[in-house]
Amino acid sequence: MSPKLSGGCACGAVRYSASSEVEFAFHCHCRKCQRATGGGHSSAFAVQRNEVRLAGEIRQYEQTIENGTVTCSSFCPTCGSPLFSSTARFPERLYIHAATLDDPSRFEPKFVVFEEAAQPWDQVNPELLTAGR
Ligand SMILES: [Zn+2]
Ligand SMILES: [Zn+2]
């Protein structure tokens with residue numbers, strides 16, 4: 001059995017732990033993730049929302065992306081670190097940003113999504129491109 005997943009924001013005001021296993025882990029190259037993270041893509045893993053315990057105040061930002069999906073991004077109001085997001089389509093899931101983990105090396109991405117939106121300076125891992133399809 002793997003130890004609990006735990007992590008938090010840059011300033012430490014928000015902490016989380018998840019008792020469930022990771023359902024899947026991925027990189028998302030969509031424009032929303034680029035803007036939300038300030039990087040070329042987001043790296044996130046999915047867990048069941050009801051398995052996540054959260055401590056500290058978060059703020060949330062709701063947005064409808066190009067394909068009509070309503071997404072909700074959660075971040076720390078003090079340091080602004082992106083923590084996790086969710087979509088209206090799968091409300092039972094949280095997509096937690098990988099680098100918020102206390103041990104980010106536990107993150108094992110298995111596929112990429114929205115690779116067509118990837119920036120020329122952010123290489124899409126070719127091994128993950130065909131995985132999970
Ligand atoms: Zn913070
Ligand atoms: Zn995205």
Side-chain angles (χ1 to χ4, degrees):
M1 237 174 65
S2 60
K4 255 189 180 179
L5 295 161
S6 64
C9 66
C11 77
V14 183
R15 296 286 306 161
Y16 68 81
S17 65
S19 46
S20 72
E21 295 294 311
V22 169
E23 288 185 73
F24 53 87
F26 59 99
H27 299 300
C28 179
H29 290 266
C30 83
R31 283 294 289 138
K32 190 221 124 197
C33 286
Q34 290 172 7
R35 286 202 164 97
T37 61
H41 60 271
S42 68
S43 301
F45 59 92
V47 290
Q48 289 290 306
R49 184 192 291 270
N50 58 13
E51 304 276 353
V52 178
R53 295 174 69 91
L54 197 62
E57 187 201 343
I58 56 165
R59 285 197 64 186
Q60 298 188 306
Y61 173 63
E62 247 184 43
Q63 187 176 30
T64 305
I65 58 171
E66 299 97 272
N67 63 7
T69 303
V70 179
T71 68
C72 181
S73 303
S74 301
F75 57 94
C76 171
T78 303
C79 68
S81 303
L83 289 157
F84 49 83
S85 62
S86 60
T87 68
R89 204 166 153 214
F90 302 105
E92 73 282 3
R93 268 189 196 130
L94 287 184
Y95 304 102
I96 301 180
H97 289 289
T100 64
L101 282 168
D102 292 330
D103 180 7
S105 71
R106 290 182 62 184
F107 178 68
E108 290 179 63
K110 292 286 196 284
F111 61 93
V112 295
V113 291
F114 291 105
E115 64 272 12
E116 65 280 2
Q119 297 303 318
W121 42 262
D122 185 43
Q123 177 138 40
V124 179
N125 183 337
E127 282 168 33
L128 300 181
L129 206 48
T130 49
R133 296 288 158 88

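Computed from a predicted model, the values in this text were never measured in an experiment. In each ligand, atom 1 is the first atom listed, and ligand 1 is the first ligand listed.
When each of T100, L83, T78 is paired with V14, the side-chain contact (heavy atoms from CB on, under 4.5 Å) condition holds for L83 and for no other.
Within the 4.5 Å cutoff, no side-chain heavy atoms of V52 are placed close to those of F84. Side-chain contact check for V70 versus E62: some heavy-atom pair is nearer than 4.5 Å. Side-chain contact between Q63 and S73 is absent, with no heavy atoms from C-beta onward closer than 4.5 Å.
Draw a line from the Zn ion (ligand 1) to SG of C79 and another to SG of C76, and the angle between them is 110° (to 10°).
Within the coordination shell of the Zn ion (ligand 2), defined by N, O or S atoms under 2.8 Å, H41 is absent. Within the 2.8 Å limit, C28 places at least one N, O or S atom next to the Zn ion (ligand 2).
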